[in-house]
Amino acid sequence: MSTAGSLRAKRAAGRTGQYVALLAYLVFLAFPLLWLVSTAFKPPKELGSIDPTWLPKTWTLENFRVAFDSQPLLHAALNSLIVAVSAAVITVTIAIPAAYAMVRYKSKVSTAGTGWILLSQMFPFVLIIIPLFLVLKNLHLINSIGGLIIVYVVWNLPFSLWMLQGYVKAVPISLEEAAAMDGASRFRTLVSVVFPLLTPGLVATLMFSFVTAWNEFFFALVLLKSPENQTMSVILTRFLGAEGVADLGPLAAASVIAMIPSLLFFALLQRRLVSGMLAGAVKG
């Protein structure tokens, strides 16, 4: 075999190996989701079988009916939606000018801010929950949707700043200088030149903040006590019995319902999200 033929064979084998690895990874990611959906549509008899099947032998919506009848899923989903959307919008609104200032205006403050970003990611939830609870109690924000939104904004802000800094660095400063030479003010330059170029990064940050707030459980469990204020992640724990035995069918049905908003949000922003990630990874 010639050298060129040998190289083509190696490249083909390499591509095949990459596709096999990618397929295996996709199956690994998709299996829990598919199993959850399958469980949600199985009747109690199949859920208790010692010989489980991949797909329901008899499809049923009974688990969804029981889930809606036993717990206020729609109200909890509305609470989660309010918290997630509010936290995401506020986080991005604060992070945009802050990330721009940290990149364009180098100072001790920006250096300290970068250190705070890295340091804040090292603290586990359990370590900060007691002082956080005391602070919110003094502010009368315990058992409050508004208090939970503030917590999520503060918790998401460091990573959001870190993400956006990469996108701000990717914007050539020469564009701002050219706009200034044309007589544009600083505000006009930011609104008309810089921010439109940051759109992929904003979408990626918005998606991250929304999904984090929607799926978060620990803070919501500790800070929200009234059933009417609890979010979807907390409501799901009510399908567990006193001894930790799960009501598997309704729990799976409720979990499927809880996934829908995140999947829809991701589907709407998928193209901009992927382009934003690639831009930040390559240019940031």
Side-chain angles (χ1 to χ4, degrees), residues 30 32-47 55-56 58-93 125 136 140-153 155-156 203 206-270 273:
L33 176 61
L34 296 177
W35 187 260
L36 177 67
V37 174
S38 175
T39 301
F41 289 95
K42 288 182 179 180
K45 183 178 180 180
E46 292 188 37
L47 292 174
L55 296 175
T58 303
W59 294 75
T60 180
L61 295 175
E62 180 66 16
N63 293 323
F64 290 89
R65 186 193 65 79
V66 174
F68 276 108
D69 289 345
S70 59
Q71 301 297 338
L73 294 182
L74 291 180
H75 186 73
L78 179 61
N79 288 340
S80 292
L81 189 63
I82 294 173
V83 169
V85 171
S86 301
V89 171
I90 295 173
T91 299
V92 171
T93 302
F125 289 176
L136 292 178
H140 304 288
L141 291 176
I142 295 296
N143 194 31
S144 165
I145 293 294
L148 188 63
I149 292 173
I150 294 174
V151 170
Y152 288 161
V153 169
W155 188 256
N156 289 335
V203 172
L206 189 68
M207 182 67 193
F208 162 79
S209 300
F210 177 87
V211 173
T212 300
W214 178 270
N215 293 330
E216 201 282 325
F217 168 74
F218 186 68
F219 287 142
L221 176 66
V222 174
L223 300 177
L224 300 178
K225 299 301 180 183
S226 300
E228 63 271 13
N229 290 335
Q230 290 179 340
T231 57
M232 196 70 171
S233 58
V234 178
I235 290 295
L236 291 179
T237 62
R238 296 187 183 181
F239 292 97
L240 299 176
E243 299 180 356
V245 179
D247 195 357
L248 193 56
L251 175 59
S255 299
V256 170
I257 296 170
M259 291 190 306
I260 293 176
S262 294
L263 293 176
L264 291 177
F265 197 71
F266 180 81
L268 291 174
L269 302 179
Q270 181 182 11
L273 177 64

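Side-chain atoms are counted along with the backbone in the values below, which use heavy atoms only and exclude waters and symmetry mates.
- Glu46 places a side-chain N or O within donor-acceptor distance of the main-chain N or O of Thr58, the cut-off being under 3.5 Å.
- Taking every heavy atom of both residues into account, Asn79 and Glu228 meet most closely at ND2-O, 2.9 Å.
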Please walk me through it: do Phe208 and Thr91 pass side-chain contact (heavy atoms from CB on, under 4.5 Å)?
CA-CA 10 Å; Phe208 162 79; Thr91 299; over 6 Å; no
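- Of the possible polar contacts, none joining the Asn156 side chain to the Ala87 backbone as a donor-acceptor pair under 3.5 Å is found.
- Proximity of Pro56 to Ser38: side-chain heavy atoms (C-beta onward) are separated by under 4.5 Å at one or more points.
- Closest non-hydrogen pair, Val234 versus Leu221, comes out as CG2-N, 3.7 Å.
- For the atom pair Leu47 CG and Asp247 CG, the distance stands at 9.0 Å (nearest 0.5 Å).
- Summarising the geometry of Ser255 relative to Leu236, their closest heavy-atom pair is N-CD2, 4.0 Å, with the distance given to 0.1 Å.
- Between Leu148 atom CG and Leu141 atom CG the span is 10.5 Å, to the nearest 0.5 Å.
- Judged purely by distance below 3.5 Å, without hydrogens or angles, the side chains of Asn143 and Ser226 pair a donor atom with an acceptor atom.
- Taking the side chain as every heavy atom from C-beta outward, His75 and Ser80 never approach each other to under 4.5 Å.
- Contact of the Phe217 side chain with the Thr231 side chain is not registered, since no non-hydrogen atoms from C-beta on lie closer than 4.5 Å.
- Atom CZ in Phe219 sits 9.5 Å away from atom CG in Leu136 (nearest 0.5 Å).
- One distance of note links CD of Gln71 with CG of Leu251; it measures 10.5 Å at 0.5 Å rounding.
- Inter-residue side-chain proximity for Ser70 and Phe239 is flagged as met; some heavy-atom pair is nearer than 4.5 Å.
- Side chains of Leu36 and Met259 form a contact here, defined as non-hydrogen atoms less than 4.5 Å apart.
- For the atom pair CD1 of Ile149 and CD1 of Ile82, the computed distance is 7.5 Å after rounding to the nearest 0.5 Å.
- In terms of heavy atoms, Met232 sits closest to Ala77 at SD-N, 3.9 Å.
- Annotation for Ile235 and Gln230: closest pair CD1-OE1, 3.8 Å, computed over non-hydrogen atoms.
- Shown here are the side-chain hydrogen bond (donor to acceptor under 3.5 Å, both in side chains) partners of Glu62, two or more places apart in sequence or in another chain: Arg65.
- Note: Thr212 OG1 to Met207 CE = 9.5 Å, rounded to the nearest 0.5 Å.
- Applying the side chain to side chain donor-acceptor pair (under 3.5 Å) test to every pair with at least one member in residues 213-224, sequence neighbours left out, gives these pairs: Tyr152-Glu216.
- Ring planes of Phe210 and Phe265: parallel class, angle under 30° (limits at 30 and 60°).
- In terms of heavy atoms, Thr39 sits closest to Asn63 at O-ND2, 3.7 Å.
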